[in-house]
Amino acid sequence: MHILENKEGFRHSLLHWYRTEKRDLPWRRTSNPYYIWVSEVMLQQTRVDTVIPYYERFIAKYPTMEKLAEAEENELLKMWEGLGYYSRARNLQAGVREVVANYEGNVPTNRKEISTLKGVGPYTAGAVLSIAFGIPEHAVDGNVMRVLSRILLIEEDITIPRTKRIFEDVVMDLIDKQDPSSFNQGLMELGATICTPKPKCLLCPVREYCQAYDEGRQEELPVRTRKKRGKVIPVAIFSVQNEQGEWLLRQRPENGLLANLWEFPMVELTTNESAEETLFKQLGLKVDAVSDIMSFKHIFTHLTWEVKSYCAVLKNGKRVPDGYKFFTATEVEELPKPVPVVKVWDMINGGENENDKK
DNA sequence: CACACGTGGGC
DNA sequence: TGCCCAAGTGT
């Protein structure tokens, strides 16, 4: 049966399956548009299992848009620590502030207005509109493209931005007007649990509508071009204490990688010189009693840090580079830090690494 | 359009 | 081990 010849049958099968088999997730117990919004932002490029505890803590800390609007950025970033893509948190707060200030605290209910909010792109706009408000709008993510590329045997490269329009048009043609929320979530749930990269077709509720399954080509879809690997950058991290035992850190720049997070003095090792020499040349920081802490790789999407970390003390006690400050251990704990810095910090504090665990 | 932007899990 | 992946957005 071709899906376009029996859209009603497809909708019915998908919706029935979703309503009976859907996972019980925290954000599925609410229709509060703010909570849906938070969940959708957290779920961007991030797994459900990872998001759940972050979502619970975030909603407990910021139960209303007003609370989030008032939050301090360091505290907000601390709530996001470890989740990655930290600009999502700042954009979310900016968007929420906008709603509080300019929309009387009501999330806009049309695509044009909601899409003006920071961090709300085509997907998040459609997800909030359909899930929170029951408005029939497309919400096309990676799951939806995978599912529909198989069902309709669409062979366009899904890594090319304009390809997404094809799927948005398909969704608007197929979407259930009575329950757009379950329809959109059903497509995503199917992609997340059954129509996975290695699909479990025998469990699929809409197998009879799937052209790729018909032809045994489900594993060939969706078509996506390779991404190239990132560069490898050797870096040295120095945890430096003063005579009072306080730690030297700085806030990273407000734009770019790990924006506004806090870190120990860190230098790229571009020459053959020692980490200690490089530290002095780049930051003017003279240290003494240098000892190794740990070495590891930290892999970002687009680059890899080869980290060597050291413990040291200030040599002359005075010169602190621009932007750096000393913090007590308690203060260091409270600062939002990227994972590689947390790793070093945990090791300093008697922590273990994987090599120790076993 | 192409790339920057995190992190952890799966195989 | 290295590579791919996961409910995208901003520039």
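Labels below follow one simple rule: chain letters A, B, ... track the order of the sequence lines, proteins then strands, and each chain is numbered from 1. Computation of the quantities below employed the complete heavy-atom set of this structure, encompassing side-chain atoms and omitting hydrogens, waters and symmetry-equivalent molecules.
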Inset, instruction - Assign A:R23 to base, sugar-phosphate, or nothing according to its heavy-atom contacts below 4.0 angstrom with the strands shown. - result: base
Inset, instruction - For A:Y18, enumerate each residue passing the ring pair (Phe, Tyr, Trp, His ring centres under 6.0 Å) test, keeping only those at least two apart in sequence or located in another chain. - result: none
Legend entry - Separation of atom CG in A:L92 from atom P in C:dG10, rounded to whole Å: 12 Å
Under 3.5 Å, which N/O atoms of the protein pair with N/O atoms of nucleotides 8-11 of chain B?
{"unit_1": "B:dG8", "atom_1": "N2", "unit_2": "A:R47", "atom_2": "NH1", "d": "2.1"}

Legend entry - Donor-acceptor contact present, side-chain A:S309 to main-chain A:M294, <3.5 Å: yes
Inset, instruction - Pick base, sugar-phosphate or nothing for A:T124, based on heavy-atom distances below 4.0 Å to the nucleic acid. - result: sugar-phosphate
Inset, instruction - Considering only atom P, compute the distance from C:dA6 to B:dC5 and round it to an integer number of Å. - result: 23 Å
Legend entry - 5′-ward residue of the pair A:S115/A:L43 relative to DNA chain C: A:L43
Inset, instruction - Please confirm whether the backbone N or O of A:Y310 pairs with a side-chain atom of A:S239, one donor and one acceptor, at under 3.5 Å? - result: yes
Inset, instruction - Check if the side chain of A:Y123 and the base of C:dG8 share a donor-acceptor pair of N or O atoms closer than 3.5 Å. - result: no
Legend entry - Cationic N near anionic O, under 4.0 Å, A:R217 to A:E155: yes
Inset, instruction - Have a look at A:L258 and say if it touches a base, only the backbone sugar-phosphate, or nothing, with a 4.0 Å heavy-atom cut-off. - result: sugar-phosphate
Legend entry - Between A:Y123 and A:E40, a side-chain donor and acceptor under 3.5 Å: yes
Inset, instruction - Quick one: label A:R146 by what it contacts on the DNA or RNA (base, sugar-phosphate, nothing), any heavy atom closer than 4.0 Å. - result: sugar-phosphate
Inset, instruction - Could you check whether A:W305 gets within reach of a base, just the sugar-phosphate, or nothing at all, counting any heavy atom under 4.0 Å? - result: nothing
Inset, instruction - Identify whether any heavy atom of A:V41 sits under 4.0 Å from a base atom; if not, whether one sits that close to sugar-phosphate; answer base, sugar-phosphate or nothing. - result: nothing
Inset, instruction - Return the residues of residues 181-203 of chain A meeting this criterion: a heavy atom under 4.0 Å from some atom of DNA chain B. Order them by number, or give none. - result: none
Legend entry - Residue pairs, two or more places apart or on separate chains, that pass salt bridge (charged side-chain N to carboxylate O under 4.0 Å, His left out) and touch residues 252-268 of chain A: A:R250-A:E263, A:R252-A:E263
Legend entry - Members sharing A:L153's hydrophobic cluster (side chains within less than 4.5 Å): A:L221, A:V223
Inset, instruction - Strictly below 4.0 Å, heavy-atom distances to any atom of DNA chain B: list the hits from residues 159-174 of chain A, or just say none. - result: A:I160, A:P161, A:R162
Inset, instruction - Could you check A:K78 against A:E334 for salt bridge (charged side-chain N to carboxylate O under 4.0 Å, His left out), going step by step and ending with a plain yes or no? - result: CA-CA 7 Å; A:K78 191 69 186 176; A:E334 291 168 356; over 6 Å; no
